[in-house]
There are 2 protein chains.
Amino acid sequence: MEPSNTHVPTPDGSMADLRDHLRRGDHARISEGCKPSAEIMALVGEKWTVIVVVMLSGGPRRFKELQRMIPGVSQRMLTLTLRGLERDGLVARTVFPTVPPRVDYALTELGESLRAPVLALGTWARENRAQIEAARDRYDRAAERAAPRAAGPDEVR
Amino acid sequence: MEPSNTHVPTPDGSMADLRDHLRRGDHARISEGCKPSAEIMALVGEKWTVIVVVMLSGGPRRFKELQRMIPGVSQRMLTLTLRGLERDGLVARTVFPTVPPRVDYALTELGESLRAPVLALGTWARENRAQIEAARDRYDRAAERAAPRAAGPDEVR
DNA sequence: CGGGATCCTTAAAGATACTG
DNA sequence: CAGTATCTTTAAGGATCCCG
């Protein structure tokens with residue numbers, strides 16, 4: 001990564017490339033002054049970041065601990081997620097040169113500060129879940145009626 | 001400090017499937033009662049949802065209008081995003097049976113209520129962008145030093 | 001104008017195996 | 001225990017064409 005100069009994703013399809021760049025890691029300074037939101041949304045929405053942040057809310061955790069707390073995550077994904085968070089300065093990684101090795105992950109100040117907005121979103125989710133599900137249900141039923149797809153309405157693959 | 005994790009995401013390893021299902025559309029009854037957060041994170045983080053919500057903050061917009069406001073989006077992605085939002089009851093779609101056709105998209109009450117937390121996140125992003133970038137820079141420089149990967153630091157694919 | 005249906009490319013997420 | 005290094009799968013996202 002060269003800190004030398006800014007390179008906007010592209011004059012035209014900026015958002016597409018934005019996300020693209022976000023995934024890859026060269027967030028450089030894509031936001032020409034007004035789209036840092038997109039960065040954080042990518043940060044928050046993508047992957048397991050949120051869950052990890054939440055899981056670290058209670059204090060430092062070890063790798064295996066986290067993995068156990070987040071059933072579906074593969075060690076690879078957990079590693080990648082933690083790396084990303086560490087890179088962004090949201091999580092601090094502490095290695096104890098013991099044997100067997102021990103590594104603690106903890107939220108940094110920055111990470112802690114992210115908790116609030118994230119939890120706010122979580123709260124919103126909890127509070128409005130019913131409405132959302134109702135809406136979905138309504139929408140799906142309507143769609144079904146419109147779609148003469150002989151398939152069962154409750155198809156469970 | 002043993003806060004004992006608040007509540008495990010899912011009984012089994014269903015996070016993977018959760019996201020999977022979220023993408024596909026059959027959110028139906030995946031959330032058996034404790035992880036609506038994940039749903040909303042997926043909702044917020046994935047795709048162009050956030051930007052669209054923000055763009056609709058100013059009032060109803062037409063399809064083409066939105067497309068113009070969000071340079072990088074393809075009409076397909078915009079459609080999918082709007083559909084998703086509509087499905088979740090966050091956006092209302094109004095069709096005027098005129099010719100040429102005209103369709104307005106507007107935030108519903110629910111959609112409006114999502115604005116706050118989303119914008120909170122955006123604010124956080126803006127306020128902490130500098131720190132994040134600094135952290136990234138630091139991390140990348142360290143990684144570079146550690147990586148004997150002779151390749152150029154700014155290798156473009 | 002506002003999409004729906006298709007095809008194609010890329011890369012994110014998962015599984016596995018190997019190392020310090 | 002805590003990773004890293006592949007290999008594979010899956011599907012998100014983009015480009016096009018077409019229809020109402």
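In what follows, chains are A, B, ... by sequence order, proteins preceding strands, each numbered from 1. Heavy atoms only: backbone and side chains are in, while hydrogens, waters and symmetry mates are out.
Comparing Thr79(A) and Pro101(B) along DNA chain D, the residue whose closest nucleotide (by nearest heavy atom) sits nearer the 5' end is Thr79(A). If Arg83(A) and Pro100(A) are placed on DNA chain D by their nearest nucleotide, the residue sitting closer to the 5' end is Pro100(A).
Residues Arg102(A) and Phe63(A) fail the side-chain proximity criterion, which asks for heavy atoms closer than 4.5 Å. The shortest side-chain heavy-atom distance between Leu56(B) and Leu66(B) falls under the 4.5 Å cut-off. Counting heavy atoms from C-beta outward, Arg93(A) and Val95(A) have side chains that approach closer than 4.5 Å. Looking only at side-chain heavy atoms (C-beta outward), Tyr105(A) and Arg62(A) stay at 4.5 Å or farther from each other.
The nearest whole Å value for the distance from the CG atom in Leu78(A) to the C1' atom in dG14(C) is 13 Å. One interatomic measurement links the two molecules: CZ of Arg62(B) to P of dC1(C), which rounds to 8 Å at whole-angstrom precision. The distance from atom CG of Asp104(A) to atom C1' of dG3(D) is 15 Å, rounded to the nearest whole Å. Between Leu66(B) atom CG and dG2(C) atom P there is a gap of 9 Å when expressed in whole angstrom units. Atom C1' of nucleotide dG20(D) and atom CZ of Arg102(B) are separated by 19 Å, given to the nearest angstrom. Distance, Leu82(B) CG to dG3(C) P: 8 Å, rounded to whole Å. Remark: C1' of dA2(D) and CG of Leu80(A) are 14 Å apart, rounded to the nearest angstrom. Rounded to whole Å, atom C1' of dG20(C) lies 18 Å from atom CZ of Phe96(A).
In this model, the phosphate group of dG3(D) is approached by a side-chain N or O of Arg93(A) to a distance below 4.0 Å at OP1 or OP2. Close to dA12(C), at under 4.0 Å from its OP1 or OP2, lies no side-chain N or O of Trp48(A).
Using a 4.0 Å heavy-atom criterion, one finds that Tyr105(A) contacts the sugar-phosphate atoms exclusively.
Scanning for side chain to side chain contact (heavy atoms under 4.5 Å, CB included) contacts around Thr94(A) gives Phe96(A), Asp104(A), with sequence neighbours left out.
Under a 4.0 Å N-O distance rule, the pair Asp137(B)/Arg141(B) qualifies as a salt bridge. Under the 4.0 Å criterion applied to side-chain N and carboxylate O atoms, Glu65(B) and Arg68(B) are not assigned as salt-bridge partners.
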Below 3.5 Å is the cut-off: list the nitrogen or oxygen pairs between protein and nucleotides 5-7 of chain D, distance only.
| residue | atom | partner | partner atom | Å |
| --- | --- | --- | --- | --- |
| dT6(D) | O4 | Arg76(A) | NE | 3.4 |

